[in-house]
Amino acid sequence: MEGSGSPVLYVLAAQLCAVYSQPPLPLVVNTWPFHSATQAAWKALSAGGSPLDAVERGCAQCEVDQCDGTVGYGGSPDESGETTLDAMIMDGNTMAVGAVANLRRIKNAIGVARAVMDHTKHTFLVGESASLFAESMGFVCEDLTTNRSLSIYSKWLDLRCQPNFRKNVTPDPTKSCGPYKPVRGLPEEKTSSLQKEVDLHSHDTIGMIAVDRNGNVATGTSTNGASHKIPGRVGDSPVIGAGSYADSLVGGAAATGDGDTMMRFLPSYQAVENMRLGADPTTACQKAIDRIQKRIPVFFGAIICANRTGSYGAACSKAPGFTQFHYSVFKPDLSQPLEEIVDCL
């Protein structure tokens, strides 16, 4: 009979629908299919650890695994053959950040970034002083060079130091190794598109977002930077708002790709602000990518986004050799990390 249903049952049904329509929490999302990192972060989070703990554990696992040769020791040697590390971690509740760049002799870069957050009133330590700080905090001093990184460096020298990041210098950096000297009075450089296929293994970073059951958010990154970089170079990964950004009132974002381009636009901060203005995570990421493309139409980069309620998404910029972006997710309805794929814009 119409209208004879119990009001209590209707209310209960509505409440159940509301519960099951919400995206599940907790949540871990990270750039690239670095599943062991996702698993380590999820294990920490599901065991009751904080989002900060999850991000630190996840990125640390990638450092140990030397994910894709682009995270941790033994990868991406610079012009002098040395591997150095960059990392950052951010607490979306307090907005506290710990970051390190050009870290030498210490394998656990994300751990040192966490120590900067937990044991100093600073935000960012760099270079040799960051390494000395790490040693004072009990981190083990170790050689970051491996047979693999030495081989990469040797082959690069055999190729007359190609590719490299020099310009407006002599001798011609497209044909010769240095030492280089500046050439003055050159015409202003025009923005140019990428002509060569992107080497995905020269710019990868692990960027991670963790959200706990209560919507608390943390983000972090770890990388050994661009292969054959000029010594002292710092990319986007440890830069707050570029490599990652977190605000537990909204959500978090993390980026990967050509850091020298992406850091100029603070895409992770932009993506979080897009979500604050009402955009869903996928749209927020897309808008951040689109903002860069308006100035630099062709570049290699991707962003992951997640809001505090557990929705997530990603976007990437199409470049030669890069048309799809793969990233990893762990949430309550999964028994193992899920590899998501998004087509680039």
Side-chain angles (χ1 to χ4, degrees), residues 27 29-32 51 55 86-99 101 113 123-124 191 194 203-211 215-223 234-319 322 325 327 329 340 342-345:
L27 173 72
V29 186
N30 61 260
T31 56
W32 308 107
V55 168
D86 303 334
M88 69 155 290
I89 191 167
M90 183 167 187
D91 184 341
N93 288 344
T94 65
M95 311 307 286
V97 176
T123 297
F124 206 153
T191 301
L194 295 176
H203 289 285
D204 293 0
T205 300
I206 182 166
M208 181 172 282
I209 308 165
V211 188
N216 300 306
V217 182
T219 61
T221 64
S222 184
T223 186
V234 176
D236 64 326
S237 298
V239 176
I240 301 96
S244 79
Y245 196 75
D247 185 340
S248 293
L249 297 177
V250 182
T256 184
D258 181 355
D260 289 296
T261 294
M262 298 184 74
M263 69 190 300
R264 305 169 197 174
F265 297 87
L266 298 178
S268 294
Y269 173 79
Q270 183 66 52
V272 172
E273 292 307 298
N274 290 341
M275 289 190 287
R276 191 189 308 277
L277 294 173
D280 63 82
T282 297
T283 303
C285 286
Q286 291 172 342
K287 287 184 174 182
I289 290 290
D290 179 67
R291 180 169 173 263
I292 302 174
Q293 288 178 331
K294 281 182 167 59
R295 303 298 295 271
I296 304 177
V298 181
F299 75 96
F300 163 51
I303 307 173
I304 56 171
C305 298
N307 63 26
R308 67 183 310 276
T309 63
S311 294
Y312 63 87
C316 54
S317 178
K318 187 182 296 183
F322 182 61
F325 172 57
Y327 63 104
V329 177
E340 297 272 21
V342 61
D343 292 325
C344 294
L345 303 172

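Taking the side chain as every heavy atom from C-beta outward, Ser317 and Ile292 never approach each other to under 4.5 Å. Using a 4.5 Å heavy-atom threshold, the side chains of Thr256 and Phe325 count as touching.
Side chains of Asn216 and Ser248: a donor-acceptor N/O pair is absent below 3.5 angstrom, by distance only. A side-chain donor from one of Ser244 and Thr219 sits under 3.5 Å from a side-chain acceptor of the other.
To the nearest 0.5 Å, atoms CD1 (Ile296) and CZ (Arg291) are separated by 11.0 Å. The structure places CD1 of Ile289 at 8.0 Å from SG of Cys344, a figure rounded to the nearest 0.5 Å. Distance check, rounded to the nearest 0.5 Å: CD1 of Ile240 to CE of Met263 gives 10.5 Å. One finds the CG atom of Leu249 at 6.5 Å from the CZ atom of Arg276 (value rounded to the nearest 0.5 Å). To the nearest 0.5 Å, atoms OH (Tyr327) and CD1 (Ile304) are separated by 8.5 Å. Here the straight-line distance linking atom CD1 of Ile209 with atom CG of Asn307 works out to 10.0 Å at 0.5 Å rounding.
For the residue pair Ala254 and Met208, the shortest heavy atom distance occurs at CB-N, 4.0 Å. Across Cys316 and Ala302, no two heavy atoms sit closer than the pair CB-CB, 3.7 Å. Here the closest non-hydrogen pair linking Met95 and Met90 is CE-CE, 3.6 Å. When all heavy atoms are compared, the tightest approach of Met262 to Phe300 is SD-O, 4.1 Å. Nearest heavy atoms, Ile303 versus Ala271: CG2-CB, 4.4 Å. Among all heavy-atom pairs drawn from Val217 and Pro51, the shortest one is C-CB, 4.1 Å.
A tilted orientation is assigned to the rings of Phe322 and Trp32, their planes being inclined by 30° to 60°.
A donor-acceptor pair under 3.5 Å links the side-chain atoms of Thr221 to the main chain of Ser237, judged by distance alone.
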